[in-house]
Amino acid sequence: MRRLLITSALPYANGSIHLGHLVEYIQTDIWTRFQRMCENEVFYVCADDTHGTPIMIKAQDEGLTPQELISKVHKEHAQDFKDFLVEFDNFYTTDSDENRFFSEEVFKSLDKAGKIVIKEIEQFFDQEKQMFLPDRFIKGECPRCKTKDQYGDSCESCGATYSPTELINPFSSLSGSKPVKKKTKHYFFKLSDCEEFLIHWTKSGTLQPEAENKIQEWFKSGLQDWDITRDKPYFGFLIPGEKEKYFYVWLDAPIGYMASFQNLLQKKELDIKFDDYWKDSEKTELYHFIGKDILYFHALFWPATLNFSGYRKPTKIFSHGFLTVNGEKMSKSRGTFITARSFLDHIKEPEYLRYYYASKLNDSMADIDLSLDDMVTKVNSDLVGKLVNIPSRTFGFINKYFDGKIKPLNDIKTDPYYFELILKSLDLQDEIIELYENRLFSQVVRKIFTLIEDVNELINDQQPWNLAKNIEQNKEQLHNVLTTSAYIFRNATIYLTPILPNLSLNVAKLFNENIFHNFKQIHEDIKSVTRYKHLLQRLEAEQVDRLLDTNKKQDLLKQDDKKINMKEYISIEDLQKIDLRVALITKANFLEGADSLLKITLDVGSLGTKNVFAGIKSQYEPNNLIGKKTVFVANLAPRKMKFGVSEGMILAASDDKKGPFVLFPDEGAEPGMKIK
RNA sequence: GGUGAUGUAGCUCAGCUGGUUAGAGCGCAGGAUUCAUAAUCCUGAGGUCGAGAGUUCAAGUCUCUCCAUCACCA
């Protein structure tokens with residue numbers, strides 16, 4: 001029995017889980033479940049990554065403390081993972097006592113080993129906010145192509161990279177003020193000292209070949225010492241002995257793997273030694289699943305940190321590519337920036353995504369594409385049309401003619417025609433296990449579906465519906481066909497369990513079993529089957545359309561909110577341009593041929609009588625409006641409409657779901673009064 | 001800008017260390033079938049393997065150049 005500790009990268013606690021994140025969690029979860037089905041002892045831990053400036057700023061924006069923000073996000077993340085059947089043994093947080101302990105301990109050990117050095121550096125400082133600015137919070141003109149409003153590290157327009165000090169006219173994106181250069185004392189991890197160790201470690205088979213190539217580039221350019229300090233204000237752990245300096249979030253984030261594991265041992269009171277997993281690489285294996293974007297941290301900083309603070313190194317780092325949707329980068333305006341939650345709201349079935357990802361995942365770092373049309377056809381044709389179709393087309397016969405009973409494996413061995421087919425499904429086990437182990441899930445899926453296709457072919461050839469017409473004569477043959485189908489279907493489902501745990505559970509119930517939890521179960525007899533109930537619904541293309549539409553709309557709303565949040569203020573002069581008046585509704589009428597408009601006649605005091613057409617028919621009866629006062633925009637340019645000239649506008653509130661609701665002023669407001 | 005990866009049928013992807021007529025699923029066309037959620041099965045059409053050059057008896061597979069896409073740059 002192998003003993004494995006497996007991790008997925010920690011999601012940052014300032015946003016929702018989206019389909020891009022899920023590639024990794026689903027990939028890891030499949031591999032973890034696979035290892036469990038091979039009877040290995042497996043722990044799968046993760047945590048929210050909770051520290052850093054962006055979290056601090058976001059909490060401020062939302063009027064929360066950072067702790068409140070991360071606890072809110074943690075709940076949301078945990079629910080998303082659970083609903084996508086991502087089964088962590090522990091989903092913890094980096095803002096924990098355990099993590100503080102290990103972070104300090106690692107830091108002290110590194111210091112003792114002479115790997116920590118103090119340097120004075122010069123950084124941009126926002127005098128208004130009284131804080132040092134991370135690169136991405138500084139904006140200015142690109143020094144090369146002069147494009148305005150570029151971030152402090154690189155230009156989105158020409159792709160140049162530079163340091164924020166090179167920007168022309170830099171400004172703080174937090175306060176808008178001009179940052180000044182200021183000196184500060186920082187702790188550095190002497191990565192430059194670790195080159196020999198890292199060259200050896202990265203070439204010892206711990207990385208995929210592509211990742212190894214990528215790493216070479218960094219060696220070529222020379223390893224730079226790593227700044228692990230951030231000045232206050234910051235949300236994170238104080239560096240031991242300091243009052244205003246914190247650990248950079250990337251120091252304590254991977255240590256969060258250790259903290260989450262330690263927390264798991266305590267919480268579940270497991271009789272397992274922490275050191276077996278974190279100090280002794282002989283006894284246990286440690287695997288990190290990550291995205292290719294954070295390879296740098298996991299393949300250089302992390303092993304070096306571990307090695308020089310007395311811990312074991314990871315057994316292997318598995319990096320995967322990025323997710324594109326419909327062949328392009330995920331985009332909020334196209335609606336392809338799909339959150340886990342909105343996928344569930346519209347598609348309902350998390351296993352459709354799990355299946356689709358599995359059918360495309362392999363061991364490489366190449367990006368994978370979620371083609372939504374492709375997902376629909378794949379799910380419908382593979383899962384519904386082929387897999388689930390088997391019990392649907394055979395269980396009726398088994399129940400009707402054989403009282404739900406299936407032949408034992410030994411009995412069918414006498415007939416080589418059928419037994420060979422079953423044998424093929426048994427023999428595939430070794431191959432499938434090897435493919436799973438190597439994370440070649442797309443090939444696993446393809447292999448399994450050759451079995452499914454065999455069964456459908458067998459049923460077509462043998463035509464149980466015809467055999468049943470002359471049941472006395474054909475009973476034996478019919479039973480063989482059905483038995484063979486049942487075994488192969490059962491075995492294929494066992495093989496698919498890591499990918500489709502819920503479906504597997506429901507299929508187990510069809511066979512009067514509790515659960516499929518071990519690949520060895522393919523050798524067990526099937527005793528009986530129950531009545532067939534539909535296992536999966538077809539996926540309709542409209543569901544996908546609605547999913548994209550909803551995400552698109554939400555993005556538009558958010559952009560509106562953002563405009564306000566981004567402090568795109570208007571001046572008081574701008575506001576005074578609008579002549580708002582109290583008006584009395586004297587008449588209100590339906591208009592023939594108008595779907596949403598009412599004709600409203602207003603008494604605006606000194607401005608006289610005005611007519612407007614208001615799109616409020618859905619909410620208001622004309623008679624209920626007469627005699628009420630409302631708010632009127634008096635200097636809006638008159639507009640010719642089908643029904644006449646609209647001489648202004650009355651104000652009403654609405655969002656995408658409800659409204660409009662007309663505004664009514666408080667008592668005492670008289671027609672013609674200015675609103676200011 | 002530097003570096004890494006990717007580019008194979010309409011779509012999504014397999015093709016191990018170079019070796020006979022380049023594969024799968026979906027889609028499409030034709031047929032079979034009706035047990036099954038219009039599901040299933042059979043047959044077929046579809047590719048100068050991003051472009052160009054080179055190495056070799058032989059290249060999708062190795063080398064070089066170029067083009068496009070994605071990522072990273074601490």
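In what follows, every heavy atom counts, from backbone to side chain, and hydrogens, waters and symmetry copies are set aside. In what follows, chains carry the letters A, B, and so on, assigned in the order in which the sequence lines appear, proteins first and then strands, with residues in each chain numbered from 1.
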5' precedence on RNA chain B between A/T377 and A/V384 (nearest-nucleotide basis): A/T377
Taking a pair as Watson-Crick or G-U wobble with both distances under 3.5 Å, which nucleotide is matched to B/rG23? B/rC13
Nearest-Å distance, CG (A/D293) to P (B/rG4)? 19 Å
For A/R538, answer base if it contacts any base atom (sugar-phosphate contacts may also be present), sugar-phosphate if it contacts only those atoms, and nothing otherwise; contact means non-hydrogen atoms under 4.0 Å. base
Listed nucleotide nearest any side-chain atom of A/K360, set B/rC42, B/rU12, B/rA5: B/rU12
For B/rA29, the nucleotide meeting Watson-Crick or G-U wobble distances (both under 3.5 Å) is B/rU43
Which heavy atom of A/L198 sits nearest to which heavy atom of A/L223, and what is that distance? CD1-CD1, 3.9 Å
Just compare B/rA39, B/rU12, B/rC13 and give me whichever is closest to any side-chain atom of A/N389. B/rA39
Among B/rU40, B/rU12, B/rU37, which nucleotide sits nearest the side chain of A/N460? B/rU40
Phosphate contact (B/rA71 OP1 or OP2) by A/K292 side-chain N/O below 4.0 Å: no
As its Watson-Crick or G-U partner within any shown strand, both distances under 3.5 Å, B/rA5 has B/rU69
Nearest to the side chain of A/L536, which nucleotide is it out of B/rC72, B/rU37, B/rC13? B/rU37
Any idea which of B/rU37, B/rA36, B/rC41 is nearest the A/R393 side chain? B/rA36
Round to the nearest Å and state the distance from A/K214 atom NZ to B/rC73 atom P. 8 Å
Which is true for A/W250 with a 4.0 Å heavy-atom rule: it touches a base, it touches only sugar-phosphate, or it touches nothing? nothing
A/K386 has a side chain; which of B/rC35, B/rU37, B/rC26 sits nearest to it? B/rC26
Just N and O in the side chain of A/N362: are any of them under 4.0 Å from OP1 or OP2 of B/rA14? yes
Within residues 188-213 of chain A, those residues having any heavy atom closer than 4.0 Å to RNA chain B are A/E210, A/N213
In the strands shown, is B/rU48 matched to any nucleotide by a Watson-Crick or G-U wobble pair with both distances under 3.5 Å, and which? none
Proximal nucleotide (of B/rA36, B/rU37, B/rU12) relative to the A/H534 side chain: B/rU37
